[in-house]
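Structure record follows, encoded as structure tokens.
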Amino acid sequence: MKTAIIGGGVAGSTLLKGLLEHHALKPEDHITVFEPRPVLGAGMPYAPDDVTLMLNSSPDTLSADRTDPLHFERWLAEHRPKAENFEGLIPRAVYGEYLNEYFKPYYNHPQVTVLHEHADNVKVMETIEDGPLLYKLSTQESGWGDTVYDALFFAVGHAPYKDPYQLDGCARYIGNPYPVSEQLSRIDSEARVGIIGSGATGIDLMRTLMQRETSNHPVTFYVKEKAFHMVHIPLEQKEMTFSFSADWIQRQLENHGGRIPLRNIVDQIQADFETEHIDGWAVYEKYRAQTLENYAEAIDKWDQELAYVQRYIQWMIPYMAHLYNLLPETDKLHYEQTYEAALQFFKSMVPVKTVQWMFDLLKEGHLRIVTGLTEVLPKQGGTSFQVKAEKTEEVDWLINATGFEKTLTRGMQEQPLIRNLYHQGLILPAKNGRDILVDWPQTRMVSERFGTMDNAFFLGNWIYSTHYANNSAENIMDHARSLAEWFMEKRSRVEA
């Protein structure tokens, strides 16, 4: 069997490891990995970059060896014992070093070839009636190759960044801020700098800009309503009630004809909360406005009810995609309308020391937050910008931190491979035109021409609508590992 993996980041590398270590691997099998970057094992989020970029996850959740949760922690203790910054966080580039080292033996495996080229197109080969689909791949550098592949795994990373105010092409607009060491070096220290958006990318930019040469002008975040995700309060109790598990899901499926009613999930969460004497909905209502006053109150009170609900939702993340995809269709709509905002509120957090630092920067006048953003207009040919928010202001440089363009027909314009797959009818948009449609849990491509494609798979950010809540390295790795296991076991059954 000849297999192609397109992408050598966390997802592609974990998948490669799973395929190579499976008992069904045969000596004649061969895997080709297409990865244009020289660095293997770590994708763009963990590539070499400014040392101010930090992981927001605890090291004990980021082991590349999913059978040994403390593998990364031990590696840190041996190789980078002083890697933590003043926020108690680990640089993303350090995690990249770890991933590169961990996955290196798999890329050096005799049954693996790495092509440092940009895969940009797929050709479906003619097969005998009812036979499996076969594929050829093209790259920007070499054109169409001669190898015929039996299976394709697309692990191509995230969608491009949005351009919500149509500013791409303006001289002092940074649409994609990564690598920040390169992009932010263009900004002189005395410039007036604005950032639109305040999610994880906004926090990255704040860290970097605040540790450069000081400016006479504060850095300003321009946001529509809420500034930053909720502060993460550490939970002090060692044990907590949590009932979800693979066995819980299986029992529900057996009792409800292969689906899980939303009411049963909500009731289980409520029962767990009541055991701990927590009113989760009241906690949400208390903090949902996500104001600076909310953050200060949570820190001052060291709110352990908030900490409990945050920890609970973090523990739910490995099960979220299963639970979401097993809901009846009417329940999915009810969940999205009633509960999704609360789940996202507790799921997305900013480390407490980061928020405390942010308060210091605000107090010292190095940082500003302006709400009510409605419009951004380029001035003087894009060498400055007029920002319309609660008041109209002008900045010299504007940096985009508004997130990824997940509408398929727009996002594909910057990614030739995705665009060509779409134009051939090999991929379809998922819900509301966003992301790429796949089945669950195998995440096989769903094609206009061929239906569900048995041996063509997508992993990662582009399938978030199906692989729900997958924006973490640990979740991506767990899915890649389980997909490799399923694929090889299926092969064993077919050949038996």
Side-chain angles (χ1 to χ4, degrees), residues 6-7 9-12 15 43 119 122 124 133 152-164 199 258-260 262 265 317-341 343-344 347-348 402-472 475-476 478-480 482-483 486-487:
I6 298 90
V10 169
L15 180 77
V122 172
V124 180
L133 296 176
L152 302 179
F153 294 88
F154 295 94
V156 295
H158 61 68
Y161 279 85
K162 289 186 285 189
D163 181 23
R259 292 285 180 176
I260 302 180
L262 177 61
I265 299 171
I317 288 175
Y319 305 102
M320 282 182 184
H322 294 294
L323 294 172
Y324 178 77
N325 284 286
L326 291 170
L327 290 173
E329 289 304 311
T330 54
D331 279 8
K332 284 184 181 179
L333 180 61
H334 182 48
Y335 160 74
E336 290 161 5
Q337 293 174 340
T338 308
Y339 298 106
E340 185 172 36
L343 183 144
Q344 294 296 337
K347 174 178 173 290
S348 302
T402 59
F404 302 125
E405 179 53 82
K406 301 303 296 297
T407 299
L408 179 58
T409 53
R410 291 200 295 264
M412 71 182 189
Q413 300 306 323
E414 294 186 33
Q415 298 187 352
L417 174 62
I418 303 298
R419 185 171 65 247
N420 287 330
L421 290 174
Y422 180 81
H423 287 320
Q424 289 193 67
L426 299 180
I427 57 174
L428 294 169
K431 192 165 188 176
N432 299 322
R434 291 171 58 84
D435 300 314
I436 291 171
L437 183 64
V438 293
D439 72 345
W440 183 259
Q442 287 76 41
T443 63
R444 294 172 292 192
M445 291 162 51
V446 179
S447 164
E448 184 178 34
R449 293 168 57 192
F450 302 105
T452 301
M453 300 171 70
D454 273 347
N455 289 339
F457 308 83
F458 254 89
L459 302 87
N461 180 264
W462 264 117
I463 61 167
Y464 187 95
S465 293
T466 304
H467 187 191
Y468 189 68
N470 75 351
N471 56 339
S472 66
N475 211 349
I476 294 291
D478 286 341
H479 171 60
S482 64
L483 177 56
W486 178 87
F487 178 77

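Every heavy atom of this structure was used, including side-chain atoms; hydrogens, water molecules and symmetry mates were not.
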So do the side chains of [X] and [Y] get within less than 4.5 Å of each other, counting heavy atoms only?
X	Y	result
Leu262	Tyr339	yes
Ile436	Leu421	no
Asn470	Ile476	yes
Leu15	Phe487	no
Val438	Arg444	no
Gln442	Thr452	no

As an exercise, state the distance from [atom1] of [X] to [atom2] of [Y], rounded to the nearest 0.5 Å.
X	Y	atom1	atom2	answer
Leu152	Leu133	CG	CG	9.5 Å
Met412	Asn420	CE	CG	9.5 Å
Ser447	Leu428	OG	CG	6.5 Å
Phe457	Asp439	CZ	CG	8.5 Å
Ile427	Arg449	CD1	CZ	12.5 Å
Leu483	Trp486	CG	CH2	7.5 Å

Looking only at heavy atoms, what is the nearest atom pair of [X] and [Y], with distance?
X	Y	result
Gln415	Pro160	NE2-CD, 3.4 Å
Ser465	Ala430	CB-CB, 4.0 Å
Met453	Leu426	SD-O, 3.9 Å
Glu405	Arg410	OE1-NE, 3.3 Å
Trp462	Asp435	O-CB, 3.2 Å
Asn475	Ala469	ND2-O, 2.9 Å

For Asn432 and Lys406, which I'm curious about, is there any donor-acceptor pair between the side chains at under 3.5 Å?
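No, no side-chain donor-acceptor pair sits under 3.5 Å.
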
Angle between ring planes, [X] versus [Y], binned at 30° and 60°: parallel, tilted or perpendicular?
X	Y	value
His158	Tyr161	perpendicular
Phe154	Phe458	parallel
Trp440	His479	parallel
Tyr468	Tyr324	parallel

Quick check on Glu336: does its CD atom have over 12 non-hydrogen neighbours (other residues, nucleotides or ligands) under 6.0 Å away?
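Yes - once you tally the heavy atoms of other residues, nucleotides and ligands closer than 6.0 Å, there are more than 12.
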
Atom OH of Tyr422: over 12 foreign heavy atoms under 6.0 Å
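Atom OH in Tyr422 is not crowded, with 12 or fewer foreign heavy atoms closer than 6.0 Å.
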
Main-chain N/O of Thr466 paired with Asn325 side-chain donor or acceptor, under 3.5 Å
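Pair found, side chain donor or acceptor close to backbone of Thr466.
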
